[in-house]
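One structure is given below, encoded as structure tokens.
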2 protein chains.
Amino acid sequence: MPAPAGRRQRIRQATLEEIHAAARKLLVEQGSAAVTISAVAREVGMSGPALYHYFAGHDELVGAVTAGFLRELTTAMERARDDLADRPLDDRVLAVCRAMRGWATAHPAEFGWIFARPIAAPNRRPESARHQAALRFEGVLLDLTVELWRTRPFPAPDPADLPASLREQVAAYSAGIDGRLPPGAAHVFLSCWIRLYGLLCMEVLHQLDFAYTDLEPVYEEHLHDLAATLGLTYLAAD
Amino acid sequence: MPAPAGRRQRIRQATLEEIHAAARKLLVEQGSAAVTISAVAREVGMSGPALYHYFAGHDELVGAVTAGFLRELTTAMERARDDLADRPLDDRVLAVCRAMRGWATAHPAEFGWIFARPIAAPNRRPESARHQAALRFEGVLLDLTVELWRTRPFPAPDPADLPASLREQVAAYSAGIDGRLPPGAAHVFLSCWIRLYGLLCMEVLHQLDFAYTDLEPVYEEHLHDLAATLGLTYLAAD
DNA sequence: TATGTTTCCTTACGACCTCTAAGTAATCTA
DNA sequence: TAGATTACTTAGAGGTCGTAAGGAAACATA
């Protein structure tokens with residue numbers, strides 16, 4: 001008799017979560033190729049075509065699941081930041097960077113989907129969950145860097161010293177983030193981002209297995225460098 | 001009547017090349033998922049199962065084709081090096097790095113297969129063509145760095161200053177390359193490698209599209225930094 | 001409460017894929 | 001010339017994606 005207004009909604013939501021969990025389980029346990037519409041449906045106990053009531057097709061399923069991973073990664077970074085809300089900015093930046101690698105290495109298969117998977121057309125639309133999640137992800141470190149720049153500006157090159165093509169690109173990026181970082185500072189931020197995130201990509205893609213078995217100290221060394229670049233005090237992890 | 005001894009062999013070789021070309025065409029024109037046994041067979045004009053006389057299965061086909069890409073990339077780098085055989089080492093190193101990016105950006109789909117594809121078990125065996133090709137690839141810049149180290153050593157940290165875990169890993173790597181670079185120098189080499197190759201990975205995986213439209217100047221800036229690190233004279237590209 | 005609509009899920013199906021099996025024809029070897 | 005090897009064929013089992021058509025349950029509303 002009560003029949004809450006959103007009963008159907010709640011059930012649908014629960015089913016969606018079950019589907020996400022099933023897809024993730026298949027990905028982690030059996031690899032990317034095992035995440036098929038059929039297998040996921042089987043896992044949640046319904047028969048194939050039923051999944052088309054939740055996703056338009058395989059690409060959309062993958063996109064939605066990947067967006068979920070990205071949100072989880074972002075949340076881990078935000079939590080690391082907020083757990084240290086009363087500590088100096090220096091510590092918060094380092095904690096967020098470490099949280100990023102922590103999540104990535106704890107969930108390599110999921111992280112692989114985040115960045116090493118061709119983004120199908122529907123997930124490229126700006127309003128797609130995939131794209132929204134990417135924006136929020138990029139925002140975490142950007143926001144911290146903006147805060148740093150405002151309270152304690154780090155050394156940044158004069159844009160006039162950059163080659164023309166690069167100057168234009170960082171200017172465009174700077175404008176795209178509403179000028180919260182001027183072009184020179186944006187250039188420094190992007191350089192740091194490339195080093196950190198690039199290292200993580202290579203680690204998860206096993207591109208460094210030929211030389212390293214454990215990249216934690218390498219990552220810490222990068223963090224140390226980056227701290228120096230940004231004028232942050234580097235504090236070793238616990 | 002002449003029937004040269006290796007007639008069958010030659011035909012087989014030609015067919016293999018045709019298969020490689022067909023697979024590549026499908027990859028470039030229609031993406032990774034289009035490279036199926038059936039589609040490739042169709043492309044070369046034979047019916048499905050015939051391909052199993054050339055490859056044990058889909059994974060082996062992908063591995064063989066990828067090895068071919070890697071050989072082509074390596075050859076491009078070696079050629080850049082040899083074309084400048086009489087120029088100073090500084091120029092040759094830069095040329096090889098630029099050739100690497102040149103090939104990667106000219107053949108993004110192929111480069112994607114080289115590094116952003118799970119390497120199936122059979123292609124991980126040390127004697128597999130995939131693995132052999134990887135060794136030769138890694139050798140190009142390593143050899144140049146060794147030559148540089150011998151003729152004009154660059155600044156390298158004292159391994160004693162590195163954290164224990166990192167020290168052990170670079171020592172192991174140094175031993176693995178027959179000590180041609182001592183641990184400190186190996187550490188510098190690997191750091192440079194990570195920055196260059198990492199940037200390339202991110203570019204090809206579209207991880208930097210949010211900020212850049214053309215990464216050529218960014219790559220050049222990295223080369224400039226690396227040249228400074230290695231004590232090389234940076235000469236702008238033609 | 002009764003009726004119509006929406007939602008969820010089913011089975012059936014066509015088209016495609018991988019890979020095995022079995023058979024044929026051509027080529028090489030001895 | 002006889003046998004072994006190689007290269008291919010078709011047939012087929014079992015898997016996939018995605019569409020179509022239909023039933024049953026839950027909801028909204030008169």
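Computed over heavy atoms, backbone and side chain alike; hydrogens, waters and symmetry mates excluded. Residue numbering restarts at 1 for every chain, and letters A, B, ... go by the order of the sequence lines. In this text the structure is predicted, and so the values were computed from the model without any measurement.
Rounded to a whole Å, the CG atom of A:L61 is 9 Å from the P atom of D:dC17. Atom NE2 in A:H58 sits about 14 Å away from atom C1' in C:dC17, given to the nearest Å. For the pair B:I11 CD1 and D:dT6 C1', the computed distance is 11 Å after rounding to whole Å. Residue B:L51 contributes atom CG, which lies 9 Å from atom P of C:dT18 at whole-angstrom precision. B:Y52 places its OH atom 5 Å from the C1' atom of C:dT18, with the value rounded to the nearest Å.
Here A:Y54 reaches the OP1 or OP2 of C:dC9: one of its side-chain N or O atoms lies under 4.0 Å away.
Among the atoms of the strands shown, none is found under 4.0 Å from any heavy atom of B:G48. Across all strands, B:F55 comes closer than 4.0 Å to no nucleic acid atom at all (heavy-atom distances).
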Below 3.5 Å is the cut-off: list the nitrogen or oxygen pairs between protein and nucleotides 20-23 of chain D, distance only.
none

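A donor-acceptor pair under 3.5 Å is absent between the side-chain atoms of B:R130 and the main chain of B:A64, judged by distance alone. Under a 3.5 Å cut-off, the side chain of B:Q207 and the backbone N or O of A:F115 do form a donor-acceptor pair. In this structure, the side chain of B:D178 does not engage the main chain of B:R180 through any donor-acceptor pair within 3.5 Å. The backbone N or O of B:L196 lies less than 3.5 Å from no partner atom in the side chain of B:Y219, so there is not a single donor-acceptor pair.
Among C:dC9, C:dT20, D:dA7, the nucleotide with an atom closest to any side-chain atom of B:R12 is D:dA7.
Within residues 34-42 of chain A, the residues approaching DNA chain D are A:T36, A:I37, A:S38, A:R42, by heavy-atom distance under 4.0 Å. Within residues 16-29 of chain B, no residue has any heavy atom closer than 4.0 Å to DNA chain D.
Between A:F55 and A:H20, the ring planes are tilted. Angles from 30° to 60° get that label. Taking the six-membered ring where the residue is Trp, B:Y197 and B:F111 present perpendicular rings, their angle passing 60° and hence far from 30°.
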### Message
Checking B:N123 against B:H131 for the side chain to side chain contact (heavy atoms under 4.5 Å, CB included) test, could you report, in this order, the C-alpha distance in whole Å, the side-chain angles of both residues, the deciding distance, and whether it holds?
### Response
CA-CA 7 Å; B:N123 301 312; B:H131 195 257; over 6 Å; no
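Partner A:E72 forms a salt bridge (Lys or Arg N to Asp or Glu O under 4.0 Å) with one of A:R24, A:R79, A:R136 and no other, that one being A:R24.
Comment: B:E147 engages B:R92 in a salt bridge, judged by a side-chain N to carboxylate O separation of less than 4.0 angstrom.
Between B:W103 and B:F137, the gap from one ring centroid to the other reaches at least 6.0 Å.
B:T74 and B:E78 form no side-chain donor-acceptor contact under 3.5 Å, judged by distance and modelled atom types alone.
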